[in-house]
Number of protein chains: 2
Amino acid sequence: MAIHKHQEFDAEAQELAALAKALAHPARVAIVRLLARRQAWVCGDLVLALPLSQSTVSQHLKELKAAGLVQGEVDGPRVCYCLSPTGWARARQLLGGLLAELLATAASCGC
Amino acid sequence: MAIHKHQEFDAEAQELAALAKALAHPARVAIVRLLARRQAWVCGDLVLALPLSQSTVSQHLKELKAAGLVQGEVDGPRVCYCLSPTGWARARQLLGGLLAELLATAASCGC
DNA sequence: TTCTTTCATCGTTAATTTGCGATAAGCAAT
DNA sequence: ATTGCTTATCGCAAATTAACGATGAAAGAA
């Protein structure tokens, strides 16, 4: 397509789409769930828990960080990852808003 | 990467990721919201409401249908689109489940 | 200092996505 | 039958993503 038209849509749609994109890969969903179960993981342990190489896991973590869903803190030679409370608060707000919008109509589609 | 490793992850992560991918573009978020506001849209009206060509809108609708979030019903020469109640019930279940898993830890990350 | 460990980044390859115009397919008229 | 409208699909170009190995950079241990 040459040019992506993301800018043509309103800010909230873009934000929701960006958030959804961060979760649009099973590896990233898996990372989020691992972080939910045990609240802090060293990067290397995440690599051991996932069927992916170190560089690939690092790349997925970078995307989750860019989306604001995950935080990393340097601890000597290692990096400790955990979920970002503010990022997930926003996610909850956006997703909850969308699902609420849908509640009225989704139950009565007569087309 | 050559080979995508989606199969290496558990079914629920894959399902959640597929759902997120369907919402990972602002055009598709916009379509869902339009369908939420007015419960049935003819394809051509969606095209008029979006800054995209007919073929591109049709493509996005195809992806939303494949994800089970949208239904299309042929009505003479036109096609009437609306949200899929069962698809959104599943989405609510999966997203709600994820957010619930996060509730415990996301508020207390001390890394 | 030198070595080792840990992680991020670079460069590459393959696949997928986005977007469009053009074409086909279906239906309802004329 | 032919025409006109509506939507889906095809084929293409450009961009992005997924994955990996290899190479860096930073910190701690020897």
Side-chain angles (χ1 to χ4, degrees), chain A residues 1-9 13-14 17-31 34-35 40-67 70-82 111, chain B residues 1-9 13-14 17-31 34-35 40-67 70-82 111:
Chain A
M1 78 325 217
I3 290 174
H4 284 196
K5 296 197 156 183
H6 287 216
Q7 310 304 332
E8 310 263 355
F9 299 90
Q14 287 183 49
L19 202 141
K21 177 147 52 168
L23 296 175
H25 191 290
R28 294 195 288 271
V29 172
I31 289 173
L34 289 172
L35 293 177
W41 286 69
V42 166
C43 178
D45 291 340
L46 286 171
V47 173
L48 292 178
L50 295 165
L52 298 170
S53 75
Q54 182 267 323
S55 60
T56 303
V57 172
S58 195
Q59 179 65 25
H60 283 306
L61 284 168
K62 186 181 181 181
E63 288 178 50
L64 286 169
K65 262 197 297 185
V70 153
Q71 292 172 339
E73 191 163 306
V74 177
D75 171 31
R78 19 198 112 200
V79 177
C80 165
Y81 282 97
C82 58
C111 80
Chain B
M1 63 354 198
I3 292 172
H4 285 195
K5 296 196 156 182
H6 287 215
Q7 311 303 333
E8 310 263 356
F9 298 89
Q14 288 183 47
L19 203 141
K21 179 149 50 169
L23 296 175
H25 192 290
R28 294 193 288 270
V29 172
I31 289 172
L34 288 172
L35 293 177
W41 286 71
V42 167
C43 178
D45 291 339
L46 286 171
V47 173
L48 292 178
L50 295 166
L52 298 170
S53 75
Q54 183 267 322
S55 61
T56 303
V57 171
S58 195
Q59 179 64 24
H60 283 305
L61 284 167
K62 186 182 182 181
E63 288 179 51
L64 287 169
K65 262 197 296 185
V70 153
Q71 293 173 339
E73 191 163 306
V74 177
D75 171 32
R78 22 199 110 201
V79 178
C80 166
Y81 281 97
C82 58
C111 78

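As the structure is a prediction and not an experimental result, all values here were calculated from the model. Note that these values count all heavy atoms, side chains included, but never hydrogens, waters or copies made by symmetry. Lettering follows sequence order; numbering is per chain, from 1.
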Please identify each residue that fulfils side-chain contact (heavy atoms from CB on, under 4.5 Å) with A:Lys65, with sequence neighbours left out. A:Val70, A:Tyr81

Apply side-chain hydrogen bond (donor to acceptor under 3.5 Å, both in side chains) to A:Thr56 and list each qualifying residue two or more places apart in sequence or on a separate chain. A:Ser53

Looking at [X], does any N or O in its side chain come under 4.0 Å of the phosphate oxygens OP1/OP2 on [N]?
X	N	value
A:Arg78	C:dC7	no
A:His60	D:dT17	no
B:Thr56	C:dG19	no
B:Arg28	C:dT18	yes
B:His6	D:dA18	no
B:Tyr81	D:dT6	no
B:Lys62	D:dT7	no

Quick one: does [X]'s side chain get under 4.5 Å of [Y]'s, heavy atoms only?
X	Y	value
A:Gln7	A:Gln14	yes
A:Val57	A:Leu61	yes
A:Val29	B:Phe9	no

Gap between atoms [atom1] and [atom2], on [X] and [N] respectively (whole Å):
X	N	atom1	atom2	answer
B:Glu63	D:dA8	CD	P	13 Å
B:His25	C:dT17	NE2	C1'	9 Å
A:Lys21	D:dT16	NZ	P	9 Å
B:Leu52	D:dT7	CG	C1'	16 Å
B:Leu61	C:dT18	CG	C1'	15 Å
B:Gln7	D:dA19	CD	P	11 Å
B:Leu48	D:dT7	CG	C1'	13 Å
B:Gln59	C:dT23	CD	C1'	16 Å

With the sugar-phosphate defined as primed atoms, P, OP1 and OP2, and the base as all remaining atoms, what B/S/- string results for nucleotides 22-28 of chain D, 5' to 3', for protein heavy atoms under 4.0 Å? B----SS

Students often mix this up, so state it plainly: with edges at 30° and 60°, are the rings of B:His25 and B:His60 parallel, tilted or perpendicular? tilted

To the nearest 0.5 Å, what is the distance between CD (A:Gln71) and CG (A:Leu35)? 10.5 Å

Which nucleotide in the set C:dT6, C:dT18, C:dT9 lies at the smallest distance from any side-chain heavy atom of A:Val42? C:dT6

Heavy atoms from C-beta onward define the side chain here; which of C:dC20, C:dT18, D:dA8 lies closest to that of B:Cys43? D:dA8

Counting the atoms with a prime plus P, OP1 and OP2 as sugar-phosphate, which does B:Val47 contact under 4.0 Å by heavy atoms, base, sugar-phosphate, or nothing? nothing

5' precedence on DNA chain C between A:Lys5 and A:Asp45 (nearest-nucleotide basis): A:Asp45

Which atoms form the tightest heavy-atom contact between B:Ala49 and B:Leu34, and what is the distance? CB-CD1, 3.9 Å

